[in-house]
2 protein chains.
Amino acid sequence: MAPSSGSVSIKDVAAEAGVSVATVSRVVNGHPSVSPASRARVLAAVEALGYRPNAVARSLRTDQTRTLGLVISDVLNPYFTELARSVEEAARALGYSVIIGNADERPELQDHHVRTLLDRRIDGLLVSPTDGGSPLMLDAVRAGTPMVFVDRWIPGVDVPVVRSDGRQAVRDLVAHLHGLGHRRLAIIAGPAATTTGSERVEAFRDALREHGIALPAAYIGQGDFQADSGRRATERFLALPEPPQVVFAADNLMALGALDAIRAHGLRVPHDIGLAAFDDIPWFVHTDPPVTAIAQPTGDLGRAAVRALIDRIEGRSPRSVTLPARLVVRRSCGEGAGEDTSVRRSNP
Amino acid sequence: MAPSSGSVSIKDVAAEAGVSVATVSRVVNGHPSVSPASRARVLAAVEALGYRPNAVARSLRTDQTRTLGLVISDVLNPYFTELARSVEEAARALGYSVIIGNADERPELQDHHVRTLLDRRIDGLLVSPTDGGSPLMLDAVRAGTPMVFVDRWIPGVDVPVVRSDGRQAVRDLVAHLHGLGHRRLAIIAGPAATTTGSERVEAFRDALREHGIALPAAYIGQGDFQADSGRRATERFLALPEPPQVVFAADNLMALGALDAIRAHGLRVPHDIGLAAFDDIPWFVHTDPPVTAIAQPTGDLGRAAVRALIDRIEGRSPRSVTLPARLVVRRSCGEGAGEDTSVRRSNP
DNA sequence: CCTCCTTGTGGAATCGATTACACGGAGGAT
DNA sequence: ATCCTCCGTGTAATCGATTCCACAAGGAGG
């Protein structure tokens, strides 16, 4: 019953069962034309030897790996972790494995992972691009690699995008802030090379305009989606002659950095300055104070992305998917009471 | 320059360069005996065709994938995310890729990933076991799969373990709590099938004994390392005729759940009840209040684990590694002031 | 000028599967 | 009894690399 050592190959099973490798292969893959007798003997041999087909050999022959690559911008960001989890789950349900590559917001690392994944001949690629599109990625698209962008995308490239539209939620946020009497509103943006980096600033600016508020350059901090940049941008805000009343961070990590900086200056949230963030995470319920945030339907995004990618792999032509995000008001911007104070763990 | 389509194989390169596939292979792999002229022509052809060796074919032939499998208990736990990140980083530096499998604390899911990884013939396996050792995993060890346990391990199995010893840190924690005047101390344990589940209770009980304090059964909550179980255990504690003064959660997710439960009961930390956690994470600095925690040297663990595994793969016999954990006192157990209030992002 | 090495190169086997094709035998139709 | 189908099975080609072995050419040494 227990395999003695090294790998047992199909040849060993064939010998043990007294049939040819073709028959073993047929049994293993559930082909119909095998006699019940042979089938039984092969199954017995498989069991006895502890045989498992070599996925490498199989992939070489069939030219498919039943594997998806997922290149995300930053694993330490809980938003992406949750996305990765839902992607893996959805893929598994459809018989695919997922290999995750973490780009750490560094384009060259992203390229490294894309290259490695391509070398392993993954069947399709899910990417949340860290930059505006490296030659490598563009080549991959041109070469016909099944690809789907998730969360972020690269403009002008013909690849389906699965993302969530924060426009309305940002508008809701600004209305909320305005209602609280705040007028000097600042944003910590992500890298301009990413769509989510520029898009959120756009949405914010537009929403402000609806209330007749301008967004001066000094109130746009340049971040890179990492905590440190949030810290630095916030420090710059606080050093201004007229600091903002509320800081809106374009992701949760930069919000964390902002919180650090505010605390380092001995200021209190929301009393001295308000804070809001894009991307809601379980921890925001428990921070001091709980943070008002814009929540994306992360699980749905992951599932939709996998579905789209597998559609492409199997030859269909999936459309892009855009899901709405929603505002979750907590206490970090002032007395908004707690409409919705809890955040669900997305464990569907 | 740009590859036209599908995959370019070594044969295409050979044809383009006017040499045999053997020569192409030699050039690609940097073998010495190739004339400068041939080398140049091959390199030119590789460039022109955009050739990249097929890793699947290469793996089949050489019987090595230069890939490590990492099966972790829960990706949503920031501790494991950070571990995964450092593992990938260390592996990449040594020319290996990592495939992560998320067990979600479910033994059958863990087995699924182990099986899949074995099928793909990964060169070695890093596991943080969710249970006491499934037959599958035991077979894999017996079959000689290079394996290293990280964080958690399976007793009685001859596999190197890379972990951190929290014994002293737990002792420090109990001393801290005792110094604050707390005597009724409870713990939310992890599953008894995991070493970290039982070990931490042991350490806690021993440390209490040193102060002449007992650990009654009612003060041991049974958790599963997930937030919900922390919530339930805490509720049970709070329903006790004499609830504990401090709750120590054996991981950060259960601490989050405990925080939820405490807050749901309208109690305040640390005024009404204290809270401490195993595993420190960046968010603990910003919770209300900042949480006292035991920090593991996560980055070092990941690096040491990769080193050990690659040692095994390359035929050496690595020893187990045990690194100390340390107590980080914050405000969640009472006025301990803030000795060390910040937590580093481990970005080495 | 003939041997002997060295060096560069190509042919072909191999890794472990899948699968097209051929073939032998059983059973039904005529 | 003969022929025609199926049905089950095995042989061998194939996927894209690596690598052993043989061999040709050219230089060194006798």
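Each chain gets a letter, A, B and so on, in the order its sequence line appears, and its residues count up from 1.
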Note to self: Distance check needed: dA17(D) C1' versus D63(B) CG, whole Å only.
What the structure shows: 14 Å
Margin query: Can you tell me if T23(B) touches the phosphate of dG10(C), counting only side-chain N or O atoms and a distance under 4.0 Å to OP1 or OP2?
Written below: yes
Note to self: Can you tell me how far apart OG (S317(A)) and CG (D311(A)) are? Round to the nearest 0.5 Å.
What the structure shows: 9.0 Å
Check: Nearest of dA17(D), dG10(C), dA17(C) to any side-chain atom of V19(B)?
Finding: dG10(C)
Next item on the list: Answer with base, sugar-phosphate or nothing: what part of the nucleic acid does V56(B) contact at a heavy-atom distance below 4.0 Å?
Entry: nothing
Notebook entry, point to check: Could you state the CZ-P distance from R120(B) to dG16(C), rounded to the nearest angstrom?
Noted result: 18 Å
Notebook entry, point to check: Does R61(B) have any salt bridge (charged side-chain N to carboxylate O under 4.0 Å, His left out) partners at least two apart in sequence or in another chain, and if so, which?
Noted result: none
Item checked: Nearest-Å distance for atom pair NZ/C1', residues K11(B) and dG11(C) -> 13 Å
Next item on the list: Grab the CZ-C1' distance between R61(B) and dT18(D) for me, whole Å please.
Entry: 5 Å
Note to self: I'd like to know if R52(B) pairs up with D119(A) as an ion pair, taking the criterion as any Lys NZ or Arg NE/NH1/NH2 lying under 4.0 Å from an Asp or Glu carboxylate oxygen.
What the structure shows: yes
Check: To the nearest Å, how far apart are L60(A) CG and dT14(D) P?
Finding: 14 Å
Margin query: Any donor-acceptor pair, under 3.5 Å, between the side chain of R58(A) and the base of dT18(C), if you only look at N and O atoms?
Written below: no
Run the side-chain donor-acceptor check on residues 125-132 of chain A: report pairs under 3.5 Å with partners two or more places apart or on a different chain.
unit_1, atom_1, unit_2, atom_2, d
S128(A), OG, S73(A), OG, 3.2
D131(A), OD1, Q110(A), NE2, 3.2
D131(A), OD1, G133(A), N, 3.1

Margin query: Whether R307(A) and E314(A) form a salt bridge (side-chain N of Lys/Arg under 4.0 Å from carboxylate O of Asp/Glu) is what I want to check.
Written below: no
Checklist line | Spacing of L118(A) atom CG relative to dG16(D) atom P, expressed in whole Å | finding: 16 Å
Notebook entry, point to check: Can you name the one residue among L94(A), L70(A), V162(A) that meets side-chain contact (heavy atoms from CB on, under 4.5 Å) with V306(A)?
Noted result: L94(A)
Notebook entry, point to check: Start at the 5' end of DNA chain C and walk down; is the nucleotide closest to R121(B) or to V21(B) reached first?
Noted result: V21(B)
Next item on the list: Measure the distance from CZ on R66(B) to P on dA17(D) and round it to the nearest whole Å.
Entry: 18 Å
Margin query: If you only use heavy atoms from C-beta on, which nucleotide in dT18(C), dA17(C), dA17(D) is closest to the side chain of T62(A)?
Written below: dT18(C)
Item checked: Which atom of R26(B) lies closest to which atom of S33(B), heavy atoms considered -> CD-O, 4.3 Å
Next item on the list: Within residues 24-46 of chain B, find the residues that approach DNA chain C with a heavy atom at under 4.0 Å, and present them sorted by residue number.
Entry: R26(B), S33(B), V34(B), S35(B), S38(B)
Checklist line | Rounded interatomic separation in angstrom, taking CD1 from I10(A) and C1' from dT14(C) | finding: 16 Å
